[in-house]
There are 4 protein chains.
Amino acid sequence: MPTKRNRILQAAVLRFAEQGFSATGIRDLGSAAGFNSASLYHYAPAGKSEILVMIMTECLEELHKGGRASLQRSADPVEQLRGLVQAHVAITATNPLTASVTDQEVRSIPPGDLDRLMGLRDAYESMFASVLEKGSRVGSFHIRDLTLTRLALLEMCNGVAHWYTPTGRLSIPELEDLFTELAARLVGLEPSGHGPIARYQPTRLATEPDVVLIDT
Amino acid sequence: MPTKRNRILQAAVLRFAEQGFSATGIRDLGSAAGFNSASLYHYAPAGKSEILVMIMTECLEELHKGGRASLQRSADPVEQLRGLVQAHVAITATNPLTASVTDQEVRSIPPGDLDRLMGLRDAYESMFASVLEKGSRVGSFHIRDLTLTRLALLEMCNGVAHWYTPTGRLSIPELEDLFTELAARLVGLEPSGHGPIARYQPTRLATEPDVVLIDT
Amino acid sequence: MPTKRNRILQAAVLRFAEQGFSATGIRDLGSAAGFNSASLYHYAPAGKSEILVMIMTECLEELHKGGRASLQRSADPVEQLRGLVQAHVAITATNPLTASVTDQEVRSIPPGDLDRLMGLRDAYESMFASVLEKGSRVGSFHIRDLTLTRLALLEMCNGVAHWYTPTGRLSIPELEDLFTELAARLVGLEPSGHGPIARYQPTRLATEPDVVLIDT
Amino acid sequence: MPTKRNRILQAAVLRFAEQGFSATGIRDLGSAAGFNSASLYHYAPAGKSEILVMIMTECLEELHKGGRASLQRSADPVEQLRGLVQAHVAITATNPLTASVTDQEVRSIPPGDLDRLMGLRDAYESMFASVLEKGSRVGSFHIRDLTLTRLALLEMCNGVAHWYTPTGRLSIPELEDLFTELAARLVGLEPSGHGPIARYQPTRLATEPDVVLIDT
DNA sequence: GATGAATGAGGATTCATTCAT
DNA sequence: GATGAATGAATCCTCATTCAT
């Protein structure tokens with residue numbers, strides 16, 4: 001049984017993911033969370049946008065945490081990249097709606113929080129940049145354009161949030177495995193049987209709604 | 001000098017790309033196009049959503065056309081894949097705002113047009129699916145999971161719309177070149193000096209705004 | 001038949017005078033003027049407070065005009081004071097509701113207009129100050145405390161707006177006459193048969209509602 | 001240290017005087033008094049309007065008391081009028097914010113209390129009326145219009161609440177003195193050296209906030 | 001005594017849309 | 001073709017108030 005605050009965040013993630021932030025009204029949010037719309041202001045005095053900020057903060061911090069863990073586990077850029085990708089995919093697939101909202105609603109961030117949140121995101125993405133750079137420098141990777149490859153890699157990984165559903169054919173570990181291989185290919189790593197990586201165990205975020213699945 | 005209709009579409013693309021469809025009001029659209037908001041109903045009787053539909057239709061049809069051209073140029077899945085990626089990147093980079101709106105505002109499509117537009121998009125994406133499948137079957141590609149690879153590839157390519165700016169470091173042909181190589185890697189093609197591809201020459205869509213660049 | 005704009009201003013004055021600015025809703029204003037509340041934004045884009053500003057501007061400018069006329073008519077401070085009081089009373093009694101709102105709702109003036117409106121009011125009140133000072137200096141008036149007397153005089157005159165009703169016992173010219181005598185007493189003028197003053201003919205402001213009188 | 005009840009009344013007077021009754025919220029009142037808004041209902045079960053009623057009752061009763069004292073001190077209308085004005089000015093200047101609220105928020109009185117409070121006010125004002133009438137009848141005053149003079153006199157005296165600040169140039173006794181003279185002039189009393197009046201010693205009301213003075 | 005939680009009603013304002021001109 | 005005027009519905013948010021704790 002989630003906190004009332006979390007019930008609100010989950011309801012918000014669900015609605016934001018389905019309809020977008022702007023198209024979601026607070027009455028909508030309120031009733032989805034089992035509240036009167038006025039009650040939301042008890043939990044998020046600054047209103048709808050504060051709810052978005054809470055959601056994004058939670059997600060970006062988890063990504064950041066996953067990234068840091070991956071970097072600390074090994075000094076080898078090959079292992080680091082695998083770690084970054086595995087963690088990203090794991091977190092995204094564990095919290096697809098939260099990740100989707102975080103990725104898509106950047107333009108709805110209130111001005112006062114923009115710097116902090118963009119700072120978090122940039123710090124996270126720079127982990128990818130530095131790993132690619134180092135791996136390229138030491139000859140592990142063969143990359144023609146560092147920036148472009150990083151962008152392509154990140155888009156590919158973020159994409160998971162767009163299409164992943166927990167009822168899909170593949171389990172999250174399988175997904176992680178396939179994506180680490182795709183990432184390896186992108187950076188020009190010759191296929192070699194790498195040992196099993198130490199998986200980052202993603203957190204199921206409090207913001208991620210428990211989707212009721214209605215199969216047809 | 002663009003048609004009045006096109007002036008409206010361009011203004012709409014700009015606003016939709018910046019603020020999102022829901023967050024953009026018709027008054028906003030009108031004044032951006034140099035019109036009174038009421039005048040828009042002359043060009044789009046069904047209102048705001050009709051404008052979105054026009055934009056998406058234009059973009060999806062251009063992608064479709066680019067895809068068909070690529071498939072017809074050669075029967076070799078290797079060449080076909082290169083063609084699909086080149087065309088996609090070329091179209092997206094030539095019309096980044098239109099492509100971005102088309103990609104991001106799927107949830108704002110009015111119900112009556114959803115089937116047609118989703119049909120267009122699915123038809124386009126199935127070109128990628130069938131090329132990957134054939135290339136995999138004939139041994140040109142080495143793909144562990146066809147579906148997943150297609151999704152990853154498409155997200156990577158769509159991503160161009162998210163970060164591309166015409167003032168960037170790379171020219172569009174360079175971008176096409178780099179992306180075709182990344183795509184080749186994704187599908188497990190060993191690097192081999194392929195001859196120059198027959199470039200699909202993308203259309204600058206009437207919906208794509210002429211961004212005024214303000215250098216600082 | 002008043003302009004639509006004026007119909008709105010009149011309705012607003014009536015409501016503001018009865019209930020106060022803050023206690024008056026915009027729906028209330030709209031329906032009192034025969035409009036949907038949204039329509040008010042066509043005439044006062046900045047909302048309720050813009051309506052208040054229009055009202056006050058009209059009233060303060062009329063007072064200013066009346067004051068200037070009085071000062072120009074004669075150089076004698078005795079005549080000038082009589083003129084100021086006559087004009088003030090005439091304007092106030094001709095537009096009692098407008099004057100009342102102008103006097104009582106100073107705290108509801110939006111910050112952006114505060115300086116301008118307070119400037120108008122101060123300029124007007126300083127006419128009284130300078131007349132009192134000059135009359136005192138040349139020995140026409142016998143005033144123990146200039147500032148205090150000015151304040152007392154102004155409050156006395158402004159008070160007309162608080163209790164005056166057109167159905168009262170006294171006509172406006174009688175009122176003017178009585179008040180000029182009271183003012184003369186306040187400033188210590190010995191009663192002497194002054195000739196008839198040149199009356200300032202007050203403007204019936206467009207903001208002043210045509211009160212429907214229901215006698216009981 | 002004031003009672004909690006009085007802390008609430010003082011906070012309310014301050015806010016009502018600054019912003020007006022309607023524009024002041026209970027949350028505002030609560031936090032200004034150091035309480036949660038819900039706590040106010042412990043002291044004023046009927047809500048915001050009950051607080052206003054408490055304030056006004058306190059003020060009107062003090063005025064009434066001051067008036068009665070003035071009437072009882074002498075039978076001479078000249079002395080009575082001096083007493084009424086002195087007491088009024090003294091009470092108003094001692095409690096300017098309370099008096100201001102009492103004067104300005106008549107329209108916010110809840111219907112159930114309107115009769116009682118208006119009765120109090122009318123009873124108080126009729127003291128002025130009867131003194132003027134008697135003094136006029138016995139030939140002490142020379143008044144052209146009794147009603148009008150009473151209204152003018154009362155407005156002049158009430159006005160003190162509008163502009164008086166304790167940091168002003170004049171002390172309260174000086175103010176009383178100047179106003180009794182102004183009143184004497186209004187009613188046509190020839191200036192004659194009256195002996196010192198027996199001052200009514202005004203009560204500092206529990207509702208009057210201790211204004212924190214910030215000199216600049 | 002005091003308050004956090006909750007709410008229905010209403011606050012001002014903006015919305016997309018229509019239509020006479 | 002184009003627009004000013006008008007509106008009903010919806011927007012976000014704040015209101016005064018209640019009540020269990």
Side-chain angles (χ1 to χ4, degrees), chain A residues 3-5 8 21-31 33-51 110, chain B residues 3-5 8 21-31 33-51 110, chain C residues 3-5 8 21-31 33-51 110, chain D residues 3-5 8 21-31 33-51 110:
Chain A
T3 315
K4 288 172 187 175
R5 189 192 107 114
I8 292 171
F21 176 81
S22 295
T24 304
I26 333 202
R27 269 145 163 125
D28 200 357
L29 283 182
S31 71
F35 279 110
N36 182 291
S37 74
S39 302
L40 297 189
Y41 290 85
H42 186 70
Y43 296 94
K48 205 170 68 151
S49 60
E50 187 176 357
I51 294 177
Chain B
T3 316
K4 290 175 187 175
R5 189 192 107 114
I8 293 172
F21 176 81
S22 295
T24 303
I26 309 213
R27 272 165 158 112
D28 198 356
L29 286 182
S31 72
F35 282 109
N36 181 289
S37 71
S39 304
L40 297 190
Y41 288 85
H42 181 72
Y43 297 94
K48 201 168 70 150
S49 57
E50 186 175 356
I51 294 177
Chain C
T3 315
K4 289 174 187 174
R5 189 194 106 114
I8 293 173
F21 176 82
S22 294
T24 304
I26 211 139
R27 273 148 162 124
D28 200 355
L29 283 182
S31 71
F35 279 111
N36 182 291
S37 73
S39 301
L40 296 190
Y41 289 85
H42 186 69
Y43 297 93
K48 203 170 67 150
S49 59
E50 187 176 359
I51 294 177
Chain D
T3 315
K4 289 174 186 173
R5 190 193 106 113
I8 293 172
F21 176 81
S22 295
T24 304
I26 334 200
R27 272 164 159 112
D28 199 355
L29 286 182
S31 72
F35 283 107
N36 181 289
S37 72
S39 304
L40 297 190
Y41 288 85
H42 181 71
Y43 297 94
K48 201 169 70 149
S49 57
E50 187 175 356
I51 293 177

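Labels below follow one simple rule: chain letters A, B, ... track the order of the sequence lines, proteins then strands, and each chain is numbered from 1.
Contacts of D:S49 with the nucleic acid, taken as non-hydrogen atoms under 4.0 Å apart, are absent. Counting any heavy atom pair closer than 4.0 Å across all strands shown, C:Y41 reaches a base atom. Nucleic acid contact class of B:S22 (heavy atoms, under 4.0 Å, all strands): none.
Between C:L40 atom CG and E:dA12 atom P there is a gap of 10 Å when expressed in whole angstrom units. If you take CD of C:E50 and P of E:dT14, they are 12 Å apart, rounded to a whole angstrom. For the pair A:R27 CZ and E:dG8 P, the interatomic distance rounds to 12 Å; values are reported in whole Å. Atom-to-atom, CG of B:D28 to P of E:dA16 comes out at 9 Å; the value is rounded to the nearest Å.
Atom CZ in D:F35 sits 14.0 Å away from atom CD1 in D:I26 (nearest 0.5 Å). If you take OG1 on C:T3 and CD1 on C:I8, they are separated by 10.0 Å, rounding to the nearest 0.5 Å. From B:S49, atom OG reaches atom CZ of B:F21 across 5.5 Å, with rounding to the nearest 0.5 Å. Taking CZ of A:R5 as the start and CG of A:L40 as the end, the distance is 13.0 Å to the nearest 0.5 Å. Interatomic distance, OH of C:Y43 versus CD of C:E50, reported as 13.5 Å (0.5 Å rounding).
DNA chain E is contacted by both D:N36 and B:P45; D:N36 maps to the nucleotide lying nearer its 5′ end (nearest heavy atom per residue). Nearer to the 5' terminus of DNA chain F, by closest-nucleotide assignment, is the contact made by C:A38 (compared with the other of C:A38 and A:T24). In terms of position on DNA chain E, the residue among A:Y43 and C:A46 whose nearest nucleotide sits closer to the 5' end is A:Y43.
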For DNA chain E, what is the dot-bracket line, given that a base pair needs Watson-Crick (N1 to N3, plus N6-O4 or O6-N4) or G-U wobble (N1-O2 and O6-N3) geometry with both distances under 3.5 Å, and | means paired with another strand? .||||||||||||||||||||
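Comparing F:dT21 with E:dG1, their C1' atoms are spaced 13 Å from each other, to the whole Å.
The two atoms that bring C:L29 and C:K48 nearest to each other are CD1-CG, 3.9 Å, heavy atoms only. Shown here for A:D28 and A:G25, the closest heavy-atom pair between the two residues is CB-O, 3.0 Å.
Reading DNA chain F from its 5' end, the first and the last nucleotide to sit under 4.0 Å from a heavy atom of chain C are F:dG4 to F:dA10.
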